[in-house]
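Chain A is the first sequence line, chain B the second, and so forth, proteins listed ahead of strands; every chain is numbered from 1.
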Amino acid sequence: MGIKGLMKLLADNAPNGMKEQKFESYFGRKIAIDASMSIYQFLIVVGRSGTEMLTNEAGETTSHLVGMFSRTIRLLEAGIKPVYVFDGKPPDLKKQELAKRYSRREDATDDLAKATESGNKEDIEKFSKRTVKVTSQHNDDCKKLLRLMGVPAVEAPSEAEAQCAALCKAEKVYAVASEDMDSLTFGAPKFLRHLMDPSSKKIPVMEFDISKVLEGLELSMDQFIDLCILCGCDYCDSIRGIGPQTALKLVRQHGSMESILENINKERYQIPDDWPYEEARRLFKEPLVVTDDEQTELKWAAPDEEGLVNFLVKENGFNIDRVTKAIEKIKTAKNKSSQGRLESFFKPVSTSAPVKRKGTKCVLVSPSPVTKFKTLSLRSRPGVLGRLIFPSLELGSNYSVPLSRHFCFGI
DNA sequence: AGTCTGACTCAAGACGTT
DNA sequence: TGCTCTTGAGTCAGACT
DNA sequence: AATGTCC
């Protein structure tokens, strides 16, 4: 469920923390993506009609493979280097929420059975969507596909969104792409929405910058986390009568959850018994993630052509011509990507300068320092010789060029 | 009158061809 | 041990200020 | 821009 109403709250109260961007402006960028959510969407929408899905000869669903294959190619062709992050075990606090989803799915399964019996086509269509579930088989299939395509995958120990944010904080990726607003609560420095929307929809990519969001809200990160808990998150109930607006007012007024709880009218607002807001806060602030370089080293390798043909064509019934054409796309995309990246060093402004928007703000008078170098990534990584840091003209961001063979920059 | 919550609903891909 | 794992957006009624 | 197909 993410954070209830956070999107609208930010649009109204921190508009400077978000800006529209063109899809093309992410050329050469590494982007972290929550794999489970992508798979779920593919299962719901790709080739599904009623209870029919795309399948291989054995009758196993292949919708997730079709979707992930074409989307990943689309990203690579745009010069984007995706890394998919898979879910681990959900935290205990999320179990109530998951139980709700489980029972909803059971209800939908019953409804679907009834609809099937009476032959109501519309109901079959509606309820079959709600019974969709991502299994470990789907996840394993996609991990295998990505490995064969030469695209990295990361196993999160717990929440994928938290791991995505950690990769971004560690500057292993430029941004996290998701439709889930939790990414911001987990502290992802840069967060993209609508990255995957087709250009035909005319929805621009929306880029959020967490530091500017906090500036706009006039809150610290800790206060922002308390705000999100009050709005309503997956980890604990919200307080009846408090929505986004009141939550923001309360946090601004009192400064912290403790102070709010001391000062609000307990008659008017009933605090649930055993309300685990402290643990929820801890899950957002210090989530279980992997940070060591062994497990988060990201490599984009050449595709395994023979492996792809075996897996997709022989095992899953894909059309061989499509697959071989797709492999060619991957290879040429990688060549373009490695060339274009260097050229783009000298004109990064053209794609990201905020030319649009009421021209009240000028980049040149930005209060924040333009050169914000971070050299943390230099320390003790085996096999890395060094790393050049180039400032870009963009605010607060930089490019980094690894000198190690360990990193394949889009060969 | 206007603000806000909360319960409810829906919708969710990508490509080539016409 | 069993079992698991995605969401926002819009609308509207009704309670509150 | 709508439409059918992908497996």
Item to complete: Rounded to whole angstrom, note down the C1' distance from dT9(B) over to dC7(D).
Response: 32 Å
Response to the item:
Residue pair Val46(A)/Gln245(A) against DNA chain B: nearer the 5' end by closest nucleotide is Gln245(A)
Item to complete: I would like to know whether Lys114(A) and Phe127(A) meet side chain to side chain contact (heavy atoms under 4.5 Å, CB included); could you show each step before the answer?
Response: CA-CA 10 Å; Lys114(A) 280 183 210 158; Phe127(A) 295 132; over 6 Å; no
Fill in: Nearest-Å distance once atom P is located in both dT5(D) and dC10(B)
27 Å
Worksheet item: Roughly how far apart, to the nearest Å, are dT7(C) and dA12(B) at atom C1'?
Response: 9 Å
Item to complete: Taking atom C1' in both dA2(D) and dC15(B), compute the distance separating them and give it to the nearest angstrom.
Response: 14 Å
Worksheet item: Do Glu77(A) and Arg74(A) sit within salt-bridge range, that is, some charged N less than 4.0 Å from a carboxylate O?
Response: no
Worksheet entry | Whole-Å P distance, dG16(B) and dC5(C) | 36 Å
Worksheet item: When Watson-Crick pairs (N1 to N3 and N6-O4 or O6-N4) and G-U wobble pairs (N1-O2 and O6-N3) count only below 3.5 Å on both distances, what is the dot-bracket string of DNA chain D, with | for other-strand pairs?
Response: ||.|||.
Practice prompt. Can you tell me, in whole Å, how much space there is between the C1' of dT3(D) and that of dG13(B)?
Written response: 15 Å
Discussion item. Can you build the contact string for nucleotides 11-17 of chain C? Use B for base contact, S for sugar-phosphate-only contact, and - for no protein heavy atom under 4.0 Å.
Written reply: -----SS
Item to complete: Could you tell me whether Phe86(A) contacts a base, only the sugar-phosphate backbone, or nothing, with contacts defined as non-hydrogen atoms closer than 4.0 Å?
Response: nothing
Worksheet item: Are the side chain of Arg252(A) and the backbone of Leu217(A) linked by a donor-acceptor contact shorter than 3.5 Å?
Response: yes
Response to the item:
Of dT4(C), dT5(B), dT7(C), the nucleotide closest to the side chain of Thr246(A) is dT5(B)
